[in-house]
S.K.: 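What follows is a single structure, and I will ask about it in a moment.
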Amino acid sequence: MTLSLGKKALILVAVPLVFELIFVGTFAYLINQVDRERAREAHARDVAGHLNVLLRLVMERSSSLIVSHFTSRETFRRRADLAKKRFYQEKEIITRLVAENRHEKESWDRIYKLMDEGDRFFDHAKTMVDIGNRLSAGMEMVKVNRLMADVFQSIDHLVEEQEAQTLERKNKQAQVRMQIEILIYVAVAVNILLAVGLALAFNRSTAARLKVVLDNTYKLASQQPLAEPLRGDDELAHLDHTFRKMAEALSSMRRKESAILTSAADIICSLDSERRFIQANPAAAKQWGFEVENIIGRRLDQLLDEEDLESTTEKVNNIIESKGHGAFTNRIVTQNGDQRDCEWSVVWSHEERALMCVVHDITDRKQIDQMKRDFVAMVSHDLRTPLTSIQMVHSLLAAGAYGELTEDGKDSVEGAQDCCDRLIALVNDLLDLERMESGRMDLSLESILISDIITPSINMVANAVKQKKIQLKLETQVDPIVRADKERMIQVLINLIANAIKFSPEDSNLTVSTEINDKFALVKVKDEGRGVPESMRTSIFERFKQVNKSDSKGRKGSGLGLAISKAIVELHGGRIAVESEEGKGSTFHFSLPIAQPGAVDN
């Protein structure tokens, strides 16, 4: 079983640490031995030194007393007294020094007794000297000398023992120092062997395995086969397993990316900073007729129509300089000389230091737009004129210009007139929408009160409100001045109120209100109808959109009213939206910029 990295790290730390602890413990023991031997050596020197001082004092005391006996000089007597005082001090010091050593204490006790007895003889001899009995004093001194010989012999023996111990301690210290030196050399050698051994073991068990993982990263980057999976249950084995899963996922993503690029209908390519093609997918060959290998290395300028060369070059260079993104359209000249209208989405990649491009062919869409414009032109010119003539004929028939019509005839004329009106309204809506989308609708902006839009709008739908038996409420607590095209905004509001009437039940309420929101005036039309589903609240403002497909059949309407209203409001710089809860009605609202106070145009 392969050890985990944590256990290997623990071994790398624990083994040298245990060895260091053993080394430090042994070293501390040997140092302690040296200290003890030094203490014993110092003790022996102190005892020997004080014994020598004691011998000197005994001799000084004896000689001073003898000289004073023969000369009767007081100076030598005082020297004898001083020697006696110091003699007792040294005795106390030696007694303390040998108190903890049994052998030394026993030897000193024998010496101490002899010295005490000799001290008594000294004192008696001194007394005999003081009273003038020199014979007795001499006899006492003979006793003192005999005792002192024994004392000197005992002290010499004890001093010799201390000197022998001092020499022994020095030898032991030398041995311990040699042991310390050997220990240091051994510790250094073992430490080096341990470091090398653990490093080799770690390298064999971990570094080599880690190198396999690192090599796999390079192989993955260069899309080469990975090495054999690592065995074991350690972290590196888990890392290798996870890395292989990631490599499989990346390989799958590469295959999917390749499949997407190969099957994509749009051209996906990249350009360098000199506008040369670096990469391109097969769609380039399908749409432009150039083989991919023939496109690589070619400049974009070589494929552009001459009229688009300058503008496209400027836009591409701006994107490269800003390191940003952008979109533009141009015309590409294909290999067979045809022109294709293309829409480019371009973004600069800092990592790749290239432009990543998606090129969408909009040639068909442009053709459809042109067909739409042609259709609108045809509707406006070829349909509106005859419809207007038919409308005039219907008006003459209804007025009796061609004779009195029966009731059935009047009903037929009225129905035909209604259909003609709807067709003309549809044509007008189509024309308005086309003008707005092409930017050809001009607004006659003026500063007017919001009530100048609301009042005529309500008057125009008054009959429809009565027929549906709807209660129309006006809640205009504020009447701000707005910048707007009055007729166009009346068209918008009538559209919203007419829709509310159309989808409201009889005997329901319909409310028109105004508010001020920041720098905009807000007009709301609230009904109690069926409401608008959440999924339709945005798309309902698109052309030909109805909440239900049956709306276009059951209720009159082209599905263009809200789209036109949205375009008109946005041309004014406002917004239009709906808030609704299904089954509980809807609130359509639009906003208009508020004009400066006192700016009403007369």
Side-chain angles (χ1 to χ4, degrees), residues 414-415 417-430 432-433 436 450 453-476 488-515 522-570 574-592:
E414 185 177 350
Q417 180 67 22
D418 189 33
C419 292
C420 189
D421 290 342
R422 288 182 61 194
L423 282 173
I424 292 176
L426 177 59
V427 169
N428 291 332
D429 287 345
L430 285 172
D432 285 344
L433 201 59
M436 293 175 192
I450 200 73
I453 298 172
I454 296 175
T455 302
S457 301
I458 291 176
N459 292 336
M460 291 183 184
V461 298
N463 291 332
V465 170
K466 290 180 181 178
Q467 291 178 3
K468 201 73 177 284
K469 298 179 181 178
I470 293 175
Q471 298 295 322
L472 179 59
K473 299 179 181 179
L474 184 60
E475 296 180 358
T476 54
R488 288 296 180 183
M489 292 313 304
I490 290 174
Q491 179 184 353
V492 170
L493 187 55
I494 289 175
N495 201 342
L496 296 182
I497 297 174
N499 277 346
I501 295 171
K502 187 188 303 183
F503 295 103
S504 295
E506 292 186 356
D507 299 321
S508 62
N509 295 319
L510 193 153
T511 305
V512 178
S513 61
T514 59
E515 296 178 7
L522 200 65
V523 180
K524 296 184 176 181
V525 178
K526 182 179 180 181
D527 62 54
E528 296 177 353
R530 68 188 182 191
V532 179
E534 185 175 358
S535 60
M536 296 288 294
R537 289 174 195 169
T538 301
S539 61
I540 196 173
F541 292 99
E542 298 175 5
R543 63 179 68 184
F544 304 113
K545 286 289 184 179
Q546 303 280 354
V547 174
N548 292 326
K549 292 182 179 179
S550 59
D551 290 344
S552 60
K553 298 179 181 179
R555 298 177 175 87
K556 297 178 180 179
S558 61
L560 294 174
L562 290 178
I564 294 173
S565 299
K566 180 175 182 293
I568 293 173
V569 171
E570 289 179 350
R575 293 180 64 253
I576 187 169
V578 60
E579 298 173 2
S580 181
E581 186 176 353
E582 286 191 74
K584 295 186 179 181
S586 305
T587 301
F588 284 83
H589 55 83
F590 63 86
S591 60
L592 291 173

S.K.: Between atom CG of Leu472 and atom NZ of Lys466, what is the distance when rounded to the nearest 0.5 Å?
M.R.: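 Spacing of CG (Leu472) from NZ (Lys466) equals 11.5 Å.
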S.K.: Looking at Ile490 and Pro456, what are the two nearest heavy atoms and their distance?
M.R.: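 Taking Ile490 first and Pro456 second, the nearest heavy atoms are CD1-CG, 3.6 Å.
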S.K.: Please find the pair of heavy atoms, one from Val525 and one from Ala500, that lie closest to each other, and give the distance.
M.R.: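 Of all heavy-atom pairs spanning Val525 and Ala500, the closest is CG1-CB, 4.1 Å.
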S.K.: Rounded to the nearest 0.5 Å, what separates atom CD in Glu579 from atom CZ in Phe588?
M.R.: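 It comes to 11.0 Å.
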S.K.: Determine the minimum heavy-atom distance between Thr514 and Thr476, stating which atoms define it.
M.R.: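 Looking at all heavy atoms of both residues, the shortest contact is OG1-CA, 3.4 Å.
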S.K.: Taking all non-hydrogen atoms of both residues into account, name the closest pair between Lys468 and Ile501 and its distance.
M.R.: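 Closest pair (atom of Lys468, atom of Ile501, distance): NZ-O, 2.7 Å.
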S.K.: Less than 4.5 Å apart, any side-chain heavy atom of Asn499 and any of Lys502?
M.R.: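 Side chain of Asn499 against side chain of Lys502, heavy atoms only: contact under 4.5 Å found.
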S.K.: With a 3.5 Å cut-off and no angle check, do the side chains of Asn495 and Ser565 form a donor-acceptor pair?
M.R.: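 The answer is yes; a qualifying pair exists.
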S.K.: Going by side-chain contact (heavy atoms from CB on, under 4.5 Å), Glu528 matches just one of Ile470, Asp507, Leu510, Asn509. Which one?
M.R.: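 Only one of Ile470, Asp507, Leu510, Asn509 forms a side-chain contact (heavy atoms from CB on, under 4.5 Å) with Glu528, namely Asn509.
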S.K.: Could you pull out the closest heavy-atom pair between Gly529 and Pro505, with the gap in Å?
M.R.: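 Distance-wise, the nearest heavy atoms are CA-CD, 4.0 Å.
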S.K.: With the side chain counted from C-beta on, respond yes when Ile568 and Ile576 share a heavy-atom pair under 4.5 Å apart, and no when they do not.
M.R.: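 No, side chains not in contact.
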S.K.: Look up atom CE in Met489 and atom CD1 in Ile454, then write down how far apart they are to the nearest 0.5 Å.
M.R.: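 Spacing of CE (Met489) from CD1 (Ile454) equals 10.0 Å.
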S.K.: Excluding sequence neighbours, so at least two apart, what forms salt bridge (Lys or Arg N to Asp or Glu O under 4.0 Å) with Glu570?
M.R.: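 Per chain and number, Glu570 pairs via salt bridge (Lys or Arg N to Asp or Glu O under 4.0 Å) with Lys566.
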S.K.: How many angstroms lie between CZ in Arg575 and NE2 in His589, if you round to the nearest 0.5 Å?
M.R.: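 If we round to the nearest 0.5 Å, Arg575:CZ and His589:NE2 are 7.5 Å apart.
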S.K.: Val492 pairs by side-chain contact (heavy atoms from CB on, under 4.5 Å) with which of Leu562, Val569, Ile564, Val523?
M.R.: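 Of all the options given, the one that passes is Val569.
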S.K.: One pair to check against side chain to side chain contact (heavy atoms under 4.5 Å, CB included): Leu592 and Ile450. What are the steps and the verdict?
M.R.: CA-CA 9 Å; Leu592 291 173; Ile450 200 73; 4.2 Å; yes
S.K.: Sequence neighbours left out, what passes side chain to side chain donor-acceptor pair (under 3.5 Å) with Ser580? Give chain and number order.
M.R.: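 Ser586.
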